[in-house]
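Below is one structure; the comments refer to it alone.
Positions are given from 1, in the same order as the sequence printed here. Side chains are part of it too, since the values below use all heavy atoms of this structure and drop only hydrogens, waters and symmetry mates. Both ligands and their constituent atoms are indexed starting at 1 by order of listing.
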Amino acid sequence: MGRFRREAGPVRPVGAATYIGPILRTPEAEQTMHRTEFISTGMYVPERVVTNHELEGYMDTSDEWIRQRSGIEERRWAAEGEGGSDMAKIATERALEAAGMEASELDCLIVATLSPDHFFPGTGVFLQRKLGVTDIPCLDIRNQCTGFLYGLEVADAFIQTGKYRRVLLVGTEVHSSGIVLSTDGRDTAVLFGDGAAVAILGPTEDPDRGVLAVRTHADGRHAEKLWAPAPACVNKPFVTSEMIDAGLTRPHMEGRDVFKHAVTKMPAALIEVLEVAGHTVQELDMVIPHQANMRIAQAVAKGLGIPDDKMYINIQRYGNTTAASIPIALHECIEEGGIRRGDLVGFTAFGSGFTWGGAVVRW
Ligand code: ACO
């Protein structure tokens, strides 16, 4: 399938919930613009399961401390030589199979990751090559835990305007090579895990379905509250053995500040997109939050008045997989029958930057 050719689509009925996004809707545009639907999803996590008890052997921590503070019981670690593009390739093949599509039918590839295979070029081109595809744009997104929603906002704009018809949106992370397995690095080493998941997105002819609203935000005043100080091109050279020895290449986090902001920004982001779409929290059938931490998800649910069975949580098994966490949770929730056609599904994320955002989708 080639690039999207503009063709006459359905005119939305007056008064229907209309996306009031950054794209100006004129009566003419209404006739050609289509909402974005999730055509299929796919995921892959590495085979190696790392339990909290295994971590007790590397650092001064305990299964009880990790469970109580984060809800995490185990996570996956990629094998030596297994990068984000390798995991994303398998997840993509699964999503293509589910959609009955070939990789050659993809028009555009968007990869959200904070743990790229290499400093440059981006992970997108490595994934493209592994999929055996050439000459489609590969866009890498660096927005950490909110990366998948930033990618969704970009993909949605591409699809609505008819620029691309089949967009592969990827979240993939290998944290296991960046964490430090010692007591010095324990505050973050126990939280993060590896994994990948993708969504294939395209235009829907049904005016009542698809992405109803997606909004993203950032506040760079908090950039150093969750970051890796090195490698850093502000230094010459950008990495030294002294930096590594000083622990500057591992994640550094002001955990309490992250917690405080996450539990206010995540509900606010979801409420914002619901208002844009003309819906309420009570109408949501399912919420897929970024899997930051069980306590954050519980606080978000409580703050919004969402019952436990409408907030999908799988952090117990994977830890925090950053940009991959929303698509992994989405895929598993669909597989378990937690999302059905016609459901109203909310997404919300918060992370390093700080960045945050929300989306609401009629499935
Ligand atoms: N095992 C055992 N003890 C630990 C560990 C560990 N892995 N990590 C830290 N500690 C110790 C600390 O050293 C400290 O010891 P001290 O009292 O002797 O100084 C003690 O535990 C308490 O440390 P705090 O940082 O105060 O612990 P807190 O109760 O705040 O919990 C946590 C830390 C879990 C990080 C919490 O702040 C939190 O949930 N923050 C949100 C951060 C988060 O979820 N980040 C994920 C990535 S960002 C995102 O996705 C949005």
For R362, is there an ion pair with D208 - N to carboxylate O distance below 4.0 angstrom?
no
Test item, A262 contacting ligand 1 (heavy atom, 4.0 angstrom):
no
So for ligand 1, is G255 a polar contact partner (N or O within less than 3.5 Å, distance only)?
yes
Considering non-hydrogen atoms of the protein only, which is the closest contact for atom 30 (O) of ligand 1, and what is the distance?
R256 NE, 3.1 Å
Test ring-ring contact (aromatic ring centres under 6.0 Å, His included) applied to F148 and F347, step by step:
CA-CA 10 Å; F148 194 78; F347 298 84; 7.4 Å; no
If you measure from each non-hydrogen atom of M59 to ligand 1, which part falls under 4.0 Å: side chain, backbone, both or neither?
neither
Atom 42 (C) of ligand 1 has as its nearest protein heavy atom M253 SD, 3.7 Å
Counting only N and O atoms by type, is there a donor-acceptor contact under 3.5 Å from the side chain of D194 to the main-chain atoms of H175?
yes
Applying the 4.5 Å side-chain criterion to the ILVMFWY set and letting contacts propagate, would M294 and L191 be lumped into a single cluster?
yes
Can you find a protein heavy atom closer to atom 40 (N) of ligand 1 than 4.0 Å?
yes
Give the single entry among D63, L191, L226, T321 that approaches atom 48 (S) of ligand 1 most closely by any heavy atom.
L226
Ring pair (Phe, Tyr, Trp, His ring centres under 6.0 Å), paired with H222, selected from F350, W227, F354
F354
How far is atom 46 (C) of ligand 1 from the closest protein heavy atom, and which atom is that?
N320 ND2, 3.3 Å
Using the six-membered ring wherever Trp is involved, compare the ring planes of W77 and Y58 and label them parallel, tilted or perpendicular (cut-offs 30° and 60°).
parallel
Would you call E73-R67 a salt bridge at under 4.0 Å N-O?
yes
Looking at atom 22 (C) of ligand 1, what's its closest protein heavy atom, distance included?
R69 NH2, 3.8 Å
Do K89 and D86 meet the salt-bridge criterion of a basic N to acidic O distance under 4.0 Å?
no
Looking only at the side chains, is there a donor atom on one of T280 and E283 sitting less than 3.5 Å from an acceptor on the other?
yes
Does atom 11 (C) of ligand 1 have a protein heavy-atom neighbour under 4.0 Å away?
yes
Determine whether the side chain, the backbone, both or neither of T188 has a heavy atom under 4.0 Å from any heavy atom of ligand 1.
neither
If we only count heavy atoms from C-beta on, is the I334 to F38 side-chain gap below 4.5 Å?
no
Parallel, tilted or perpendicular: which fits the ring planes of W356 and H217, with parallel below 30° and perpendicular above 60°?
parallel
Is any heavy atom of the protein nearer than 4.0 Å to atom 37 (O) of ligand 1?
yes
Tell me whether S62 has any N or O atom under 3.5 angstrom from an N or O of ligand 1.
no
Within-cutoff protein neighbour (heavy atom, under 4.0 Å) for atom 17 (O) of ligand 1:
no
For ligand 1, which part of T61 has a heavy atom less than 4.0 Å away: the side chain, the backbone, both, or neither?
both
Using a 4.0 Å heavy-atom cut-off, which part of T322 comes near ligand 1: side chain, backbone, both, or neither?
neither
Of the listed options (F350, F354, W65), which comes nearest to atom 33 (C) of ligand 1 when hydrogens are ignored and any heavy atom counts?
W65
Mark whether atom 25 (O) of ligand 1 lies under 4.0 angstrom from at least one protein heavy atom.
no
